[in-house]
Structures are given as C-alpha cells and as structure tokens.
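One structure is given below, encoded as structure tokens.
Chain A is the first sequence line, chain B the second, and so forth, proteins listed ahead of strands; every chain is numbered from 1. These numbers come from the heavy atoms of this one structure, side chains and all, not from hydrogens, waters or symmetry mates. These numbers were taken from a predicted model, which means no experiment stands behind them.
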Number of protein chains: 2
Amino acid sequence: MRISALEKYGLRCLLVLAKEGPDKQLSIAEIAEKEGLSIPYSSKLLSILRKAGLVQAARGRGGGFSITRRADDITLFEVLTALGGPLVEPHHCSKYAGNLKECVHIDRCSVHDVLDNLADYVEQFLNDTTLEDIIRADKTGYLKKADYKIILSKNSLQDKLTG
Amino acid sequence: MRISALEKYGLRCLLVLAKEGPDKQLSIAEIAEKEGLSIPYSSKLLSILRKAGLVQAARGRGGGFSITRRADDITLFEVLTALGGPLVEPHHCSKYAGNLKECVHIDRCSVHDVLDNLADYVEQFLNDTTLEDIIRADKTGYLKKADYKIILSKNSLQDKLTG
DNA sequence: ATAATACTTTACTTTTTTGTAAAGTTTTTG
DNA sequence: CAAAAACTTTACAAAAAAGTAAAGTATTAT
C-alpha cells in the first residue's frame with residue numbers, strides 16, 4: 001500500500017495552480033520549473049488532471065493551465081483518485097484469483113470486506129482534506145489533522161448489501 | 001495509492017495459518033491449494049512472512065509453516081508493513097525530487113506533512129484490526145468497522161517535531 | 001499568411017513489480 | 001546411508017508503472 005509517484009507529483013502540480021486560483025494560468029514550463037520536474041513529465045501529469053476535469057488548458061500563444069475550481073472546493077480524495085485510481089480494485093476477487101478463474105473465497109471474502117472498510121475509512125480522511133488546507137499549512141505551519149480518536153463498531157455485512 | 005498483490009495474497013496465506021493456530025503447520029502445497037495460488041508464488045509470500053517473523057518454517061519431511069503468534073496478537077498493520085512497506089516513503093523529499101537533487105519544498109513540504117498524517121491515520125485503523133477480527137468475520141459475517149466519526153483538529157507541526 | 005508559442009498525442013525506454021523456474025539444502029523415514 | 005519430502009535461494013521472464021522524446025495541432029501576434 002503505497003502512494004504512487006504520479007499521485008505525489010500530480011498533487012504538487014495541482015497545488016501550484018490552486019495557489020494561483022481559477023483566474024490565473026501558468027504554462028507547463030512554469031509549473032515544471034516551480035516543482036523541479038521535467039517538462040514532458042509535467043505535461044503528462046497535467047494531461048491526467050485535465051482529463052479528470054480538475055484543470056483546464058488554453059492552447060496557443062499565451063496559453064497555459066488553470067484550476068477549474070477554488071482550492072477549498074477540491075478534496076484530496078478527488079485528486080488522488082484522478083491520479084491513482086481507487087485504493088482497492090473494484091473486482092479484486094475476479095482479478096487477483098491466482099491460478100483459478102474466481103477467488104476461492106467467492107461466496108464470502110472477509111479480506112475483501114476489510115479492505116473495503118479501509119478504503120471507506122481512508123476516503124473519509126481524504127474527503128475532509130481540501131487543497132486549501134494544504135496551502136494554509138504551507139503558509140502557517142499548521143495542518144488540520146485527524147485526532148486519532150476513532151470509534152470502532154460492529155457493522156453487519158448485510159447492511160452494506162441491502163444499503 | 002493501492003493495495004499491492006503481494007499484500008493481498010500474503011495476507012490470505014497468513015490467514016490460512018492463523019486459522020490453524022501456532023501449534024498446527026501446513027505445507028506450502030497445502031496453503032497454495034487452499035488459496036488457489038501457484039506453489040512458487042506461495043513460497044515467495046511465505047518467505048517474506050517468515051523473514052518478518054510472522055511465520056516459522058520446519059524443513060524436511062513432515063515440515064511446513066506455522067504462525068508464530070495467536071491471531072488476536074497480530075495486527076493488519078504488521079502484516080501489510082511486512083509485505084508492502086510503509087504507506088509513505090520515509091525520505092520522500094529526497095527520493096522523489098524530480099530533476100533536482102532535493103525536493104524544492106525542502107524547508108517545509110506540506111504535501112509530505114499531509115501524507116504523513118494520512119499514514120498515521122491509516123496505521124490507527126490497521127492497528128485496531130487483528131487477524132482474529134478477519135477470521136471472526138469469515139465465520140459470523142460481522143466485521144468490526146470504523147464508524148466514520150473522525151474528529152479533526154488542528155495540530156501544530158511543531159508538536160510532531162518536539163514529540 | 002507565417003512564425004512563434006504552447007498544449008496534445010503517440011511511441012518508446014527504463015525501472016519496478018509480479019510471477020515462474022530450477023537447482024540447492026535440510027530433515028525424516030526405511 | 002539413500003531416497004523422498006519440503007523448505008530456500010537465486011535467477012529469470014513477463015507485465016505494469018515511471019519517465020522521456022518527438023511529432024502534431026491550435027492559437028495569437030506580427
């Protein structure tokens with residue numbers, strides 16, 4: 001379980017634009033320079049962010065990229081999902097079944113269930129963190145932080161199935 | 001950010017042994033068969049688990065693997081860390097600096113800070129989940145689950161540095 | 001129009017991760 | 001002691017991810 005390079009670098013590029021706000025744009029070269037990345041790699045990252053609708057591009061002379069929404073309206077969840085996909089593969093049991101066509105735990109896979117719970121849990125954190133929070137931390141040195149007082153309860157798997 | 005194949009398969013192999021308890025052992029062939037994995041791949045997974053001290057091996061005829069501790073004494077954090085390493089690279093800023101030798105945000109990297117917070121947060125969940133919880137869920141259909149009532153607070157970065 | 005600027009797309013190389021194969025070592029049984 | 005069972009190690013092949021390069025397309029200024 002690891003944060004990918006694409007996620008880290010892509011987030012950093014987006015933060016550069018987030019600091020500028022939706023009304024200002026920067027060229028790939030400017031963004032690459034600010035983050036110490038190569039121009040081709042920055043192009044790739046920005047292309048992914050554009051396809052996800054997080055930034056928009058203006059082509060031609062005087063063009064560049066701008067963020068599509070305000071920093072306080074974009075969550076870390078959106079950004080990391082755009083760059084790295086979901087934490088758990090949607091069809092884990094069919095994709096990672098080893099030699100067999102289907103997971104041996106096809107009827108009830110508690111590993112999958114616990115990983116799904118973890119994904120939900122992580123999503124909660126990521127949805128509670130906006131780009132604005134990160135920008136503010138840069139300026140003030142204070143970062144919003146989960147308080148590690150997690151309430152654990154027993155929930156029925158059946159609840160999830162029936163909604 | 002993704003759960004790796006090694007983490008998922010490794011966890012499954014360990015769970016097979018956890019269900020048997022520390023006093024019973026199974027051969028690689030038996031474990032592979034139960035999880036629908038190839039024998040060479042299972043060997044690799046069990047080798048990693050052995051080096052991490054989570055299982056022990058008895059060689060020779062009649063040998064096999066057994067878990068070293070009870071299922072309720074092994075957390076998901078230990079298992080996933082053994083199989084996949086930490087969520088965030090320890091020296092992210094020096095390793096993923098792009099073209100430069102050091103991260104451009106070397107003095108204060110709020111991206112790194114927020115990812116460290118995420119790692120701590122995830123660790124909390126993983127430390128609260130034992131192999132026994134997963135085994136129980138297999139039997140009963142009930143899985144312990146974080147209640148999504150996360151208390152967010154503002155914490156000083158300085159707090160982290162000074163302890 | 002034309003040239004310069006700047007995004008876009010495709011293809012390719014390198015590195016890492018996954019997964020397999022085979023030869024080696026240890027222990028037990030006959 | 002020899003053979004079989006079973007773990008161990010090393011090396012290798014295949015697939016995915018990371019990162020680079022180059023040719024293409026759109027826009028604007030002259």
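Rounded to whole angstrom, the span from the CZ atom of A/R50 across to the C1' atom of C/dT9 amounts to 10 Å. Whole-Å rounding puts the A/L45 CG to C/dC7 C1' distance at 15 Å. Distance B/I28 CD1 to C/dA21 C1': 14 Å, rounded to the nearest Å. Atom CG of A/L83 is separated from atom P of D/dA18 by 10 Å (rounded to the nearest Å). D/dA14 atom P lies 17 Å from atom OH of B/Y41, rounded to whole Å. Atom NZ in A/K51 sits roughly 12 Å away from atom C1' in C/dC7 (whole-Å rounding). The distance from atom CD of B/E30 to atom P of D/dC7 is 9 Å, rounded to the nearest whole Å. Rounded to a whole Å, the CG atom of B/L37 is 14 Å from the P atom of C/dT18.
Salt-bridge annotation for B/E78 and B/R69: present, with a side-chain N of the basic residue lying under 4.0 Å from a carboxylate O of the acidic one. The pair B/E132-B/K19 fails the salt-bridge criterion, with no side-chain N (NZ, NE, NH1 or NH2) lying under 4.0 Å from an Asp/Glu carboxylate O. Salt-bridge annotation for B/R70 and B/D73: absent, with no side-chain N of the basic residue lying under 4.0 Å from a carboxylate O of the acidic one.
Regarding contacts with the backbone of D/dG19, every side-chain N or O of A/S38 stays at 4.0 angstrom or more from both OP1 and OP2. OP1 or OP2 of C/dT18 has not a single side-chain nitrogen or oxygen of B/R2 nearer than 4.0 Å.
For A/S43 against A/I28, the heavy-atom pair with the smallest separation is OG-CD1, 3.5 Å.
Residue contacts shown for B/A58 are limited to sugar-phosphate atoms, with no base heavy atom under 4.0 Å away. Within the 4.0 angstrom heavy-atom criterion, no nucleotide atom of any strand lies near B/S47.
Nearest to the side chain of A/R61, among D/dG19, C/dG19, D/dT28, sits D/dT28. Among D/dT8, C/dC7, D/dG19, the nucleotide with an atom closest to any side-chain atom of B/R59 is D/dT8. Checked against C/dT18, D/dT20, C/dA6, the side chain of A/S27 finds its nearest nucleotide in C/dA6. Distance from the side chain of A/A57 is smallest for C/dT8 among the nucleotides D/dC7, C/dT8, C/dA4.
Under the 30°/60° scheme for interplanar angles, the aromatic rings of B/Y9 and B/Y41 are found to stand perpendicular.
Along DNA chain C, the nucleotide nearest to A/G63 and the one nearest to A/K44 differ in position, and the one closer to the 5' end is contacted by A/G63.
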